[in-house]
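Structure first, then comments.
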Amino acid sequence: MRTATRGPATPPAATRSPSGGDPAAAGTATPGTAAPDTPAQDTATRDTASAGAGNADGTDPRPMGRHLLSAADLSLDEATLVLDTAEELARVSQAATVKKLPTLRGRTVVNLFFEDSTRTRTSFELAAKRLSADVINFSAKGSSVSKGETLKDTALTLEAMGSDAVVCRHSWSGAPANLARWVRGSVVNAGDGTHEHPTQALLDAYTMRQRLGRVEGLKVTIVGDVLHSRVARSNVLLLHTLGADVTLVAPPTLLPVGVGAWPAAVSYDLDAVLPTSDVVMMLRVQRERMGPAGERGTAYFPSAREYARRYGLDVRRAQALPDRAVVMHPGPMVRGMEISPEVADGVRSTIQEQVANGVSVRMAVLYLLLGGAQPAIGSVPSEPGRRGLS
Amino acid sequence: MTATPSTPSPVLPATPPPATPPPGRPPTPAAPGSRAVLQGSDVLRVVDRIAHELLEKTGGGQDVVLMGIPTRGTTLARRLAARMAAFEGATVPTGSLDVTLYRDDLRLKRPRALEPTAVPSGGVDGRLVVLVDDVLFSGRTVRAALDALADLGRPRAVQLAVLVDRGHRELPIRADYVGKNIPTSLGESVHVLLQEVDGRDAVLLGAAGEQR
C-alpha cells in the first residue's frame with residue numbers, strides 16, 4: 001500500500017521536523033502559554049489513529065460508523081490517503097467517457113443542510129452521484145424543521161429511511177458531532193457554525209499539492225476573519241498534520257481567545273508575512289455572524305475601507321509574494337473587501353481550481369467512509385479528545 | 001478474451017471472501033515456505049513467447065493497446081510492448097487500468113487505496129485492447145477490468161494476457177495468452193515477482209494457508 005511507504009507510524013514530531021529544520025521552530029510558531037498541552041494531546045490522538053490505520057486488511061479494532069467531524073479526525077496517513085485517492089479519482093474522471101463509477105451503488109447519502117450553501121451542497125451531491133450513490137437533499141427551508149422538528153428527530157427520521165451517510169451543515173458549532181451520536185451511518189461535517197469544515201481543508205491541501213507539488217514545509221498564511229472561520233480552524237489542524245507552517249494574520253479583534261494554543265503563528269502585519277509565504281489564503285469577513293452592533297458588523301473594525309487597506313490582498317501586495325506563491329479563497333468572496341478583483345482573477349489565484357478539486361476530494365472522502373465493509377478514515381464518536389481546537 | 005455480447009451482465013451476488021484474496025495485489029516478500037516455479041531467465045522467456053504470440057495473433061501488433069492491471073500487470077504490459085518493439089519494431093501503446101472501484105468484493109473489506117489509471121493518448125476506442133495481469137485466478141479482477149474499460153471507451157475487441165493461470169475460475173472468463181499454467185489448490189498462493197517492482201523475476205508457489 002502506498003500510504004505505508006509515505007507515512008510510517010512515526011510520531012508527528014518526527015514527521016514534522018524536516019519542514020522546520022530546527023526543533024525550536026514549532027515552539028516559536030506557537031505564541032501564548034497553552035502550547036504544551038496541544039502537541040501532547042495531538043501525539044496521543046495521532047498514535048491511536050495510526051494504530052488503527054496500520055491494520056490494513058480488515059482487522060480494524062474500531063467499530064463501524066466512523067465520521068469526519070473535524071480535520072483533527074485524520075491522521076497523517078489518513079489525510080494522505082484521502083489526497084492520493086482524490087488524485088486518482090480526478091485522473092479517472094478525466095480519462096473516462098462515462099464519468100460515473102459504480103462504487104457506491106445502492107448506498108444512500110443524505111445532504112442535511114440547515115444553512116444556505118450552493119458550492120458545498122452541489123459539490124457533495126455531484127461527488128456522491130459520480131460514485132453512483134443515491135442522494136437525498138434536505139434543506140431546512142420547506143421541511144419539517146420549519147414546523148418545529150428538532151435536529152434529533154430529523155436525524156432519526158432520516159436514519160429510519162436507511163441513510164448510509166449524512167452530510168451535515170448547521171449554523172450551530174457541534175451539531176454534526178451530536179448527530180454522530182444519534183445515527184448509525186457516517187456523518188460528514190460540511191461546516192458547523194464557526195467550528196470546522198474539514199472537507200474544505202482537504203480540498204485546499206489538495207490544491208496546494210497540485211500547484212506546488214507538496215504540502216509539507218509550505219509556509220501558509222491565512223488572512224482575515226479567523227474568529228468566525230471554520231475554514232481557518234480546519235485548515236490549521238490539517239496543515240499542521242501535513243507538516244505545513246501556518247501563520248494567521250488578522251486584526252486582534254478577529255482572532256479567537258484561545259488562538260495561542262493553536263499550532264500556528266500569529267501576526268497582525270500582512271506586509272511583513274507576504275514575502276515568505278508560499279500560499280496566501282484569504283478569508284471572507286463574515287458580517288452575518290457579527291451581530292447588529294452599530295452599523296452592521298463594524299464593531300470588529302473601524303470600517304470596511306480600513307479593513308481592506310490593512311488586510312485586503314490587492315495587486316500591490318500580491319507583488320510582494322514569491323514567484324510561485326498562490327492565492328486561495330474558500331468562497332464566497334467579497335471582491336474589493338478582502339481580495340481585489342485583479343488578484344482574484346489573476347494567474348496566482350486557485351479559486352476556480354478549489355471548486356473543481358472539491359468534487360474529487362469529497363468523492364475520496366465518501367469512498368473511504370462508505371466504499372468498504374468499514375470506513376478507512378475518520379473518528380468514532382465515543383473517542384473524546386480527538387477534536388482539536390476549542 | 002473477447003468480450004462477447006452473450007456474456008451475462010456482471011451483476012454478481014455478494015460472495016464470501018475466497019480463502020486467498022484475489023490476485024493482482026502487491027505480495028508481501030516471498031514467504032520462506034514458498035518454492036520458485038519460474039525464475040530469472042524462465043520469466044524472460046515466457047514474456048518473450050507471449051510477445052511473439054501477440055504479434056502473431058494481432059498481425060504485428062496493429063491497433064493493439066496493452067492495458068496492465070496494477071501493479072505487476074502494468075509492468076508486464078510495458079515489458080511486452082518493449083519486446084514487441086524489439087522483435088518487429090511494433091509501436092504498441094501501453095496504459096494502466098485500476099479496477100479497485102469496480103470490484104465486486106468492495107463491501108467485504110476496508111476501502112483500499114487506489115492504483116494509477118493511465119490511458120494512452122490515442123484512447124481505446126476502436127482499438128484491440130489486451131488486458132494484462134500477472135495471475136489469473138477467480139476471474140473477478142478481469143470482470144472488474146471489463147467494466148472499467150467500458151467506461152473508458154469502446155474497444156473493437158478485448159483480449160486477456162496473463163503470466164500465470166492458476167485455475168479456480170469463478171466466472172466464465174479465460175485468457176487468450178497464458179505464460180504458464182500452474183495447477184494449484186485453493187489454499188496455495190502464487191506470487192509473481194518482477195525486476196522493476198521486486199528486484200528480481202520469479203513466480204513463487206506458496207504453501208497452503210499462506211496469505212498474500
Side-chain angles (χ1 to χ4, degrees), chain A residues 1-7 52-53 55-60 62 64 66 77-78 80-107 130-132 164 186 360 363-378, chain B residues 9-14 16-17 20-22 25-29 65 67 70-71 93 95-126 129 143-155 197 211-212:
Chain A
M1 207 190 254
R2 265 179 309 161
T3 47
T5 58
R6 289 203 196 181
N55 302 334
D57 284 314
T59 53
D60 193 326
R62 284 183 282 188
M64 289 180 66
R66 284 166 68 184
D77 281 356
E78 289 174 329
T80 309
L81 178 62
V82 174
L83 299 182
D84 288 347
T85 304
E87 201 175 318
E88 290 306 332
L89 286 167
R91 201 169 297 164
V92 170
S93 294
Q94 212 165 25
T97 50
V98 181
K99 297 192 187 309
K100 207 168 172 83
L101 294 156
T103 316
L104 295 186
R105 211 167 34 161
R107 305 274 206 211
R130 288 238 171 114
L131 290 169
S132 301
D164 296 293
S186 293
S360 305
M363 282 172 78
V365 167
L366 290 174
Y367 164 61
L368 293 169
L369 281 175
L370 300 182
Q374 322 151 301
I377 56 169
Chain B
S9 89
V11 178
L12 296 161
T20 3
R25 308 305 306 165
T28 44
V65 173
M67 290 295 279
T71 313
S96 168
L97 184 65
D98 180 39
V99 303
T100 308
L101 296 166
Y102 294 86
R103 297 196 77 96
D104 61 4
D105 59 358
L106 274 176
R107 302 279 166 93
L108 304 175
K109 323 179 170 187
R110 285 162 60 93
R112 308 165 181 206
L114 305 186
E115 305 285 348
T117 294
V119 183
S121 54
V124 294
D125 286 329
V129 172
R143 189 222 45 96
L146 289 171
D147 276 3
L149 195 57
D151 283 355
L152 293 179
R154 187 180 181 282
V197 185
Q211 289 296 306
R212 280 171 65 95

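Throughout, protein chains are lettered first and strands after them, A, B, ... in sequence-line order, and every chain is numbered starting at 1.
- For the atom pair CZ of Arg107(B) and CD of Gln374(A), the computed distance is 14.0 Å after rounding to the nearest 0.5 Å.
- Under the 4.5 Å side-chain criterion, counting only non-hydrogen atoms from C-beta, Leu152(B) is not in contact with Thr97(A).
- Looking at Ile377(A), there are no atoms closer than 4.5 Å to chain B (heavy atoms on both sides), in backbone or side chain.
- Interface check for chain B: of the options Leu369(A), Val92(A), Val98(A), Leu89(A), the most heavy-atom pairs under 4.5 Å are formed by Val98(A).
- Using a 4.5 Å cut-off between heavy atoms, Lys100(A) touches chain B through its backbone atoms (N, CA, C, O) alone.
- Separation of atoms CG (Leu101(A)) and CG (Asp147(B)) is listed at 11.0 Å; rounding is to 0.5 Å.
- Side-chain atoms of Thr85(A) do not come within 3.5 Å of backbone N or O of Ala113(B) as any donor-acceptor pair.
- Counting only heavy atoms from C-beta outward, the side chains of Tyr367(A) and Leu114(B) approach each other to under 4.5 Å.
- Summarising the geometry of Pro111(B) relative to Pro375(A), their closest heavy-atom pair is CD-C, 4.2 Å, with the distance given to 0.1 Å.
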